[in-house]
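Quantities reported herein were computed from a predicted structural model and do not represent experimental measurements. Here is how names work: the chains are called A, B, and so on, in the same order as the sequence lines, proteins then strands, and each is numbered from 1.
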There are 2 protein chains.
Amino acid sequence: MPKPTFFNLPEDKRRRFTDAALDEFALHDYRSASVSRIVSTLGIAKGSVYQYFEDKQELYLYLVTLAAQTKFECIDAAVRGEASVRGNVSAPSSEPGFFERYERTVYHGARFDFTHPRHGTLLYNATYEPSGEMLAVSARLREQSARYLRSLVEAGLATGDLRADLDVEFAVFALYQLTISLRDYLSERFRFSFKGAVQAGAGPPISDEALREVIAELARLLRQGLGPVATTTEEQRTQPRVC
Amino acid sequence: MPKPTFFNLPEDKRRRFTDAALDEFALHDYRSASVSRIVSTLGIAKGSVYQYFEDKQELYLYLVTLAAQTKFECIDAAVRGEASVRGNVSAPSSEPGFFERYERTVYHGARFDFTHPRHGTLLYNATYEPSGEMLAVSARLREQSARYLRSLVEAGLATGDLRADLDVEFAVFALYQLTISLRDYLSERFRFSFKGAVQAGAGPPISDEALREVIAELARLLRQGLGPVATTTEEQRTQPRVC
DNA sequence: TCCTCGTGTGACTGGTCAGTCATATGCTAC
DNA sequence: GTAGCATATGACTGACCAGTCACACGAGGA
């Protein structure tokens, strides 16, 4: 989507530009983000931006796509990595169940947000982008996540990890909302400012155990609900609660 | 907060002004909403607005407060009304449990959004307001809702409607997120555009049964989770599923 | 040496906005 | 009729923005 000029840029310059632009759109919504501010931060001329991109919108779409791809690949690699380690080291190991797969994905998603605050925050903003012209972007992101969750849910139904009478679309909706907004909960619970991390380029000052615990709590809510536990079945007790 | 001039306005003029302003802020986020557009819609002079309010921010705060108060009172009245009718007509009737109280609140909240699209949409926008200067507003709204949900949860714990080992803050978070975003689910599921309704001033083209069914599905998810149903206890079977 | 072409530049245009203020209007009291 | 006050007005200011364009620069090739 960017013009060829952009890809001809020396690696280093392109990187500095991308970082500054990610910053700007992570710190402001589409309309408030300012091309003028990006160039003045970088100390380059405004015209340069328009040598690289057709307009502000193309720049934004490029950054969102980049962030989404980066996050997806990162999560995917981490989850696969975990799976194969487990598979090789321990016993033949059965396929992980729905909740374990979900927990792993969410865990690595959260880790990504902490280690790549620019990308994570930009994506989060894009998800809630209020500008009318950009509705398509948030819709695309939502549909991508929903598709993934839907496949998880369908697999979960097939294996009996999920109750058979579930309304799939409703379940996907609930999973999506809780997963996306887990960020807000983490932010409040651990007093962690993602926007602050964007500005500081900061690392993750959150303990791995604390994070895993929160996600386990989320998984538990999804598995059992808020209601009192019925006579617990054998099936539930033996769910893999390790990791 | 508005200047005295605003309250001296003839009822009718004040009302027209308030409606137009609600429209503007329901259709655009804080930064994109334009005072110029409001006055040109109304055919009044820009200076007038600044006779009524100190600045754009004061106007916005007034509208959010107004919308929040209106919605709260509406829900409260409806829920109380329902309760008293039930209490009088039928048997002495036990106090409703956690899930019934939650369902009722959500039901009347959703009804409000359909019948008062201006107010509902403005509040929804305010909740997700991305403008940095307005963070305090969304935080206040969130805290208000959380306080209410927290009281519900604590009552639910006391009566045993909720499992005793629940992390209250996490439960409140989950309830809050699912409740707020139910709007998105309804909008997609029933192809209902709230922004469209704001522009049209429209009524509710959604069947009451369909709405109640969605909310029941939500309550069921919250009660039981997504997992397979354990040996169902007597306790669960006898939960009041009427209404 | 000069030409070309990819790249960089920043003053400039036209637009939108929040907020101001000198002036006008209309109403009430005397 | 007129003085005084609350309200209405809209042209204007200063700020910011996206996007443009005529020009400058520099490296490589002839």
Side-chain angles (χ1 to χ4, degrees), chain A residues 1-18 20-25 27-64 125 129-134 137, chain B residues 1-18 20-25 27-64 125 129-134 137:
Chain A
M1 272 291 197
K3 299 183 184 176
T5 311
F6 182 64
F7 295 110
N8 293 339
L9 247 37
E11 170 77 22
D12 165 88
K13 188 166 189 177
R14 193 169 70 238
R15 204 186 143 70
R16 282 200 308 133
F17 178 84
T18 308
L22 284 171
D23 266 9
E24 180 66 14
F25 285 98
L27 257 17
H28 307 89
D29 61 298
Y30 176 72
R31 210 169 181 282
S32 306
S34 152
V35 174
S36 303
R37 213 183 289 134
I38 296 175
V39 298
S40 94
T41 298
L42 284 170
I44 65 173
K46 200 164 181 183
S48 295
V49 175
Y50 294 89
Q51 305 266 32
Y52 310 151
F53 297 89
E54 205 54 59
D55 52 20
K56 187 183 177 183
Q57 178 163 337
E58 193 183 83
L59 168 59
Y60 181 66
L61 291 180
Y62 171 72
L63 294 171
V64 172
N125 284 358
E129 177 56 50
S131 153
E133 329 147 63
M134 291 294 126
V137 177
Chain B
M1 272 292 200
K3 299 185 184 175
T5 311
F6 182 64
F7 295 111
N8 293 339
L9 247 38
E11 171 75 22
D12 165 88
K13 187 166 190 179
R14 193 168 71 236
R15 202 185 144 69
R16 281 200 309 133
F17 178 84
T18 307
L22 283 171
D23 265 8
E24 181 66 14
F25 285 97
L27 257 16
H28 307 90
D29 62 297
Y30 176 72
R31 208 169 181 283
S32 306
S34 153
V35 174
S36 302
R37 213 183 290 131
I38 296 175
V39 298
S40 95
T41 299
L42 284 170
I44 65 173
K46 199 166 183 184
S48 295
V49 175
Y50 294 89
Q51 305 268 29
Y52 310 152
F53 296 90
E54 204 54 59
D55 52 22
K56 186 184 178 184
Q57 178 165 337
E58 194 184 82
L59 167 59
Y60 181 65
L61 291 180
Y62 171 72
L63 294 170
V64 172
N125 285 358
E129 176 57 49
S131 154
E133 331 148 61
M134 290 296 126
V137 178

Asks: Using a 4.0 Å heavy-atom cut-off across all strands, classify B/Y52 as base, sugar-phosphate, or nothing.
Replies: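 Sugar-phosphate: the residue B/Y52, judged by heavy atoms under 4.0 Å, touches backbone atoms but no base.
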Asks: In whole Å, I'd like the distance from the CD atom of A/E133 to the C1' atom of C/dT16.
Replies: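 In whole Å, C/dT16 C1' and A/E133 CD are 14 Å from each other.
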Asks: What class does the angle between the rings of A/F6 and A/Y52 fall in, given that below 30° is parallel, 30 to 60° is tilted and above 60° is perpendicular?
Replies: tilted
Asks: Kindly assign one of parallel, tilted or perpendicular to the pair B/F25 and B/Y60, based on the angle between their ring planes and the thresholds 30° and 60°.
Replies: tilted
Asks: Take the protein atom CD1 of A/I38 and the nucleotide atom P of C/dG10, then report the distance between them rounded to whole Å.
Replies: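 Roughly 17 Å, once rounded to whole Å.
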Asks: Got a sec: does the CZ of A/R16 have more than 12 other heavy atoms crowding it under 6.0 Å?
Replies: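 Counting other residues, nucleotides and ligands, CZ of A/R16 stays at 12 neighbours or fewer.
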Asks: Enumerate the protein-to-nucleotides 19-22 of chain D contacts in which both atoms are nitrogen or oxygen and the separation is below 3.5 Å.
Replies:
| residue | atom | partner | partner atom | Å |
| --- | --- | --- | --- | --- |
| D/dG19 | OP2 | A/Y50 | OH | 3.1 |
| D/dG19 | OP2 | A/K56 | N | 2.8 |
| D/dG19 | N7 | A/K46 | NZ | 3.4 |

Asks: So, is the end of the B/K56 side chain (NZ or CZ) under 6.0 Å from the ring centre of B/Y30 and within 45° of the ring's axis?
Replies: yes
Asks: Using a cut-off of 4.0 Å on non-hydrogen atoms, how would the nucleic acid contact of B/S48 be classed: base, sugar-phosphate, or nothing?
Replies: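 Base, at least one base atom sits under 4.0 Å.
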Asks: Assign each of A/T5 and B/R31 to its nearest nucleotide of DNA chain C by heavy atoms, then name whichever residue's nucleotide is nearer the 5' end.
Replies: A/T5
Asks: Please work out if B/K13 contacts a base, only the sugar-phosphate, or nothing of the nucleic acid, heavy-atom cut-off 4.0 Å.
Replies: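 Answer is sugar-phosphate: B/K13 comes under 4.0 Å of backbone atoms only.
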Asks: Can you find a side chain N or O atom of B/N8 that sits less than 4.0 Å from OP1 or OP2 on D/dA6?
Replies: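 For D/dA6, OP1/OP2 do not have a side-chain N/O of B/N8 under 4.0 Å.
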Asks: Are any of B/S34's side-chain N or O atoms less than 4.0 Å away from OP1 or OP2 of C/dC17?
Replies: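 Yes, B/S34 has a side-chain N/O under 4.0 Å of OP1/OP2 on C/dC17.
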Asks: Looking only at side chains, do A/D29 and A/S32 share a donor and an acceptor under 3.5 Å apart?
Replies: yes
Asks: Measuring from the side chain of A/I44 (C-beta onward, heavy atoms only), which nucleotide among D/dC17, D/dA8, C/dT9 has the closest atom?
Replies: C/dT9
Asks: Could you tell me how far apart A/D29 (CG) and D/dC17 (P) are, to the nearest whole angstrom?
Replies: 13 Å
Asks: Give a yes or no answer on whether the side chain of A/S48 reaches the backbone of A/I44 with a donor-acceptor pair at less than 3.5 Å.
Replies: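 Pair absent, no side-chain N/O of A/S48 close to backbone of A/I44.
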